[in-house]
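Everything below concerns the one structure shown next.
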Amino acid sequence: MYSSSGKKYSRLVRDLNSPKGGRKIKFDILFFLSVLVLASFGVLIIYSATRSPVPGIVIDPQHYLKRQAIFLGAGVFLFSALQFLNYRKIKDLWWIPGIIGLLSLIAVLVFGYEVHGSKSWIDLGLFPVQPSEFAKVFMIMTLSAILSKRKTEKVNHISFKKVILSSIAAAIYIVLVIMEPDFGTALIFLLVFIGMLFISGANFFYILGMMAIAAGSFFGALQMGIIKQYQLDRILIFLRPEVSIGGAGYNLYQSKMAIGSGGLVGKGLFLGTQTNLNYVPEHHTDFIFSVIGEELGFIGGFLVIVFLGFIIWRCFHIASGSNNSFGMLLASGVGFMVLTQVVINIGMTIGIMPIIGIPLPFLSSGGSSLISTFLGMALVSNVYIYREVRKEHEIAYDDFS
């Protein structure tokens, strides 16, 4: 049916990937709407959390509302623009996001400034940027390219060589983040890497080995004093929350009080006393779920978790339907990124996880977190779109250069 000519192959692939190729784009509208609704709700709940200024600080009550709305607009624009780029092209150019991610993490160590003891931010003038948030997605792109199968590979499992190469790539990212130091974000990098190893079909003993190395590194850092006292206090409070309610355990105590006081239906939007009186520290960022629990109660918190769960499920569902291992790893990597942050963030606000400063995707205030999450969602949507195209035309894209 098709000529063996390389030119014909190239022309066919180009036509199928061109917006003018006459093909019908199959867009996952429900996935996008879920992302948009959740992020829009995030803007609203951030306004509820910040409409009462912190005492002693003069600030526009709508400052965080306006800023998050702008970031949401930027995220939607990025999501839309990336739908016109076939994600498969990233596989051959994986080194570009890889280098960008590493250079950004190096730059923050040189030019960044500290927030809460971590040198994680770079001031770009108009707004600050947290490079580690974007580096999560860049690492997923890099690992997807390294771990994905080539057309010459006939086995279902990945080689030891790929495990080593991917481990080196992930380790570089993780070490750079630890140097900030930001152990919470470094943990997300590690969990995403282990999840992608599992999805790629790596031998289970390789995964156990990586986990053992990570555990050994933690205890080594503990012995060398790399882990600070306040970080140890967070682990202690997690194990024994009653130890220091007025000190290191204050955040957790106030968060649990806020969520518990919300009851079944909450006190009402904008009516949270713990929020309005600023009892819960960082209630618009890391502890945004405590605002949801207090003002909207169990039902509101449950619906938020349902939306988050649907988006995470959709990431893995799209990954499972991908016709190539690169797309599968890309979508599942983003799924692991959101899943780990959701579990840890909500877990730490209710006391079942240590407090490690992880934002809640789509909902916590912050441009870097929101835009990088939209970047990940754009990649997942792109995998869905071009999977459908390939399915419709029955073209084995992986066989073409």
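The analysis underlying the following values was restricted to heavy atoms, covering all of them including side chains, and did not include hydrogens, waters or symmetry mates. What you are looking at is a predicted structure, and each value in this text was computed from that prediction instead of being measured.
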Listed by chain and number, what are the ring pair (Phe, Tyr, Trp, His ring centres under 6.0 Å) partners of Trp95, not counting sequence neighbours?
none
Cut-off 3.5 Å, side chains only: do Asn324 and Tyr386 have a donor facing an acceptor?
no
Least distance between heavy atoms, Ser166 atom then Ile146 atom
N-CG2, 3.9 Å
Partner set under ring pair (Phe, Tyr, Trp, His ring centres under 6.0 Å) for Phe77, not counting sequence neighbours
none
Side-chain donor-acceptor pairs of residues 128-138 under 3.5 Å, sequence neighbours excluded:
| residue | atom | partner | partner atom | Å |
| --- | --- | --- | --- | --- |
| Glu133 | OE1 | Lys136 | NZ | 3.1 |
| Glu133 | OE2 | Lys136 | NZ | 3.3 |
| Lys136 | NZ | Gln341 | OE1 | 2.7 |

Report the distance from atom NE2 of His283 to atom OG of Ser365, rounding to the nearest 0.5 Å.
10.0 Å
In short, side chain to side chain donor-acceptor pair (under 3.5 Å) pairs touching residues 342-358 with sequence neighbours left out are none
Result block: side-chain N/O donor-acceptor pairs under 3.5 angstrom for residues 32-41, not counting sequence neighbours:
| residue | atom | partner | partner atom | Å |
| --- | --- | --- | --- | --- |
| Ser34 | OG | Leu30 | O | 2.8 |
| Ser40 | OG | Leu36 | O | 2.7 |

Can you measure from CD1 (Ile172) to OG (Ser167) and round to the nearest 0.5 angstrom?
11.0 Å
Selection residues 101-115 - residue pairs positive for side chain to side chain donor-acceptor pair (under 3.5 Å), sequence neighbours left out
none
Roughly how far, to the nearest 0.5 Å, is CG of Asp28 from OG of Ser381?
6.5 Å
Under the ring pair (Phe, Tyr, Trp, His ring centres under 6.0 Å) rule, what pairs show up with a residue in residues 160-182, not counting sequence neighbours?
Phe160-Tyr206
Applying salt bridge (charged side-chain N to carboxylate O under 4.0 Å, His left out), name anything that partners Lys267, two or more places apart in sequence or on another chain.
Glu294
Decide whether Ser118 and Glu180 meet the rule of one side-chain donor and one side-chain acceptor closer than 3.5 Å.
no
Sequence neighbours excluded, the answer for side chain to side chain contact (heavy atoms under 4.5 Å, CB included) partners of Ile299 is Leu264, Val265, Leu303
Sorted by chain and number, sequence neighbours left out, salt bridge (charged side-chain N to carboxylate O under 4.0 Å, His left out) with Arg67 holds for none
Is a side-chain N or O of Ser148 found less than 3.5 angstrom from the main chain of Ala145, in a donor-acceptor match?
yes
Show every ring pair (Phe, Tyr, Trp, His ring centres under 6.0 Å) that has at least one partner inside residues 336-358, sequence neighbours left out.
Phe316-Phe336
State which residues pass ring pair (Phe, Tyr, Trp, His ring centres under 6.0 Å) with Phe270; sequence neighbours excluded, sorted by chain then number.
Tyr47
